[in-house]
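Accompanying notes for the structure given below.
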Amino acid sequence: MSIINVSHAEITTFILVGIPGLEYAHIWISIPICSMCLIALPGNCTILFIIKTEPSLHEPMYYFLSMLSLSDMGLSFSSLPTMLRIFLFKASEISANACFAQQFFIHGFTALESSVLLIMSFDRFLAIHNPLRYSSILTTLRVAQIGTVCFFKSFLLVLPFPFTLRMLTYCKKRQLSHSYCLHEDVMKLACSDNQIDVIYGFFGALCVMVDFMLIAMSYILILKTMLGTASRKEQLKVFNTCVSHICAVIIFYLPIINLAIVHRFVHHVSPLFNVVMANVLLLVPPLMNPIVYCVKTRQIRVKVVTKLCQKQIY
């Protein structure tokens with residue numbers, strides 16, 4: 001295994017932390033984390049299974065929902081292993097290479113989820129603004145092309161992260177701030193010049209915020225189209241088609257915006273707040289998105305209930 005160069009010693013591992021001040025309760029904290037995992041992974045698998053097996057759901061909106069479920073599962077699989085190791089077994093060490101790989105996948109799937117939420121907002125705008133041409137514009141082939149572009153764009157965006165981190169020199173500090181590795185967390189431990197990482201990390205965060213601004217713009221256009229419809233009943237019908245996606249956007253972006261505001265404007269904040277908000281960002285979307293879409297999307301809810309009833313009969 002390659003070793004990171006340091007000025008006084010050779011560091012081959014970093015130290016992850018759980019929740020500051022609550023180390024004595026880590027075993028109990030692992031219970032809700034495991035519960036969230038046991039709900040999130042089967043929930044997203046259920047979404048994927050229902051969409052795959054039901055021909056009536058082979059439409060652009062549900063294909064994009066499949067991409068959202070895949071990105072949620074990627075976030076869970078990227079972050080949960082180290083979290084469970086810390087909270088269940090108090091195993092806090094992680095090798096440098098494993099840390100760099102983990103932060104690559106966490107940032108990659110985060111960028112992918114942001115991109116998927118953006119294309120889902122465009123999908124809703126197109127379905128509402130131009131319903132007659134919707135199916136001819138968003139063909140299955142075009143949806144596959146959009147999904148492929150989003151995937152490569154997201155992971156190419158964060159591809160430099162592990163390489164720039166390996167180029168840094170790390171001194172004696174090796175304790176991170178979370179129970180998983182993040183780019184901005186690792187680069188702060190470097191005692192060499194990390195200006196490139198700071199600039200490129202800011203660029204990556206800016207790309208995610210651009211996605212959010214484009215989503216907001218899409219909903220401004222949707223609102224304009226919705227207000228131009230004839231009756232309040234039609235307006236409510238249009239709004240109901242967007243509720244699930246609006247919830248997914250809020251669940252994903254609210255922790256990001258809160259963390260950005262705190263880091264920018266609040267100078268004295270409890271480390272506990274940062275840790276909790278960062279954990280919410282990775283744990284809550286994979287948990288809540290399947291629940292929101294099953295509850296608020298009638299087509300999926302009906303198919304899930306039908307499958308469960310058939311299983312009980314057999």
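This is a predicted model, so every value here is computed, not measured.
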Single-linkage hydrophobic cluster, 4.5 Å side-chain cutoff, [X] and [Y] together:
X	Y	answer
V243	L65	yes
I199	L206	no
V249	L70	no
M73	L112	no
I196	V198	no

Spacing of [atom1] belonging to [X] relative to [atom2] belonging to [Y], to within rounding of 0.5 Å:
X	Y	atom1	atom2	result
L168	N194	CG	CG	6.0 Å
L41	D72	CG	CG	10.0 Å
Q102	S95	CD	OG	10.0 Å
T13	L16	OG1	CG	9.5 Å
E113	S69	CD	OG	9.0 Å

Can you confirm whether [X] sits close enough to [Y] that some side-chain heavy atom of one is under 4.5 Å from a side-chain heavy atom of the other?
X	Y	answer
F64	I119	yes
L157	S154	no
L80	I33	yes
V295	S244	no
Y200	H183	no
V158	F161	yes
H107	E184	yes

Partners passing side-chain contact (heavy atoms from CB on, under 4.5 Å) against T148 (at least two apart in sequence or in another chain): F152

Verdict with reasoning, E93 to R174, per salt bridge (Lys or Arg N to Asp or Glu O under 4.0 Å): CA-CA 10 Å; E93 286 196 348; R174 62 191 186 114; 3.7 Å; yes

Between [X] and [Y], is the ring centre distance below 6.0 Å?
X	Y	result
F212	Y253	yes
F89	H26	no
F109	F77	no
F122	F125	no
F151	F155	yes

CA sep, side-chain torsions, deciding dist, call: V302, R298, side-chain contact (heavy atoms from CB on, under 4.5 Å): CA-CA 6 Å; V302 169; R298 190 184 66 84; 4.0 Å; yes

Derivation of the side-chain contact (heavy atoms from CB on, under 4.5 Å) call for L221 and I128: CA-CA 10 Å; L221 296 174; I128 292 167; over 6 Å; no

Exam field: side chain T139 to backbone S135, donor-acceptor pair closer than 3.5 Å: no

Donor-acceptor pair, side chain of S192 and main chain of T169, under 3.5 angstrom: yes

Heavy atoms of other groups near M36 CE, more than 12 under 6.0 Å: yes

I137, CD1: over 12 other non-hydrogen atoms inside 6.0 angstrom: yes

Working for side-chain contact (heavy atoms from CB on, under 4.5 Å), residues C191 and Y170: CA-CA 6 Å; C191 51; Y170 297 89; 5.8 Å; no

Does the side chain of [X] pick up a donor-acceptor pair with the side chain of [Y] at under 3.5 Å?
X	Y	result
D185	H178	no
R124	S218	no
H245	Y219	yes

Check ion pair D211-K153 (N to O, under 4.0 angstrom): yes

Evaluation steps, side-chain contact (heavy atoms from CB on, under 4.5 Å), between V186 and L182: CA-CA 6 Å; V186 176; L182 296 176; over 6 Å; no

Single hit among S76, P290, S71 for side-chain contact (heavy atoms from CB on, under 4.5 Å) with N44: P290

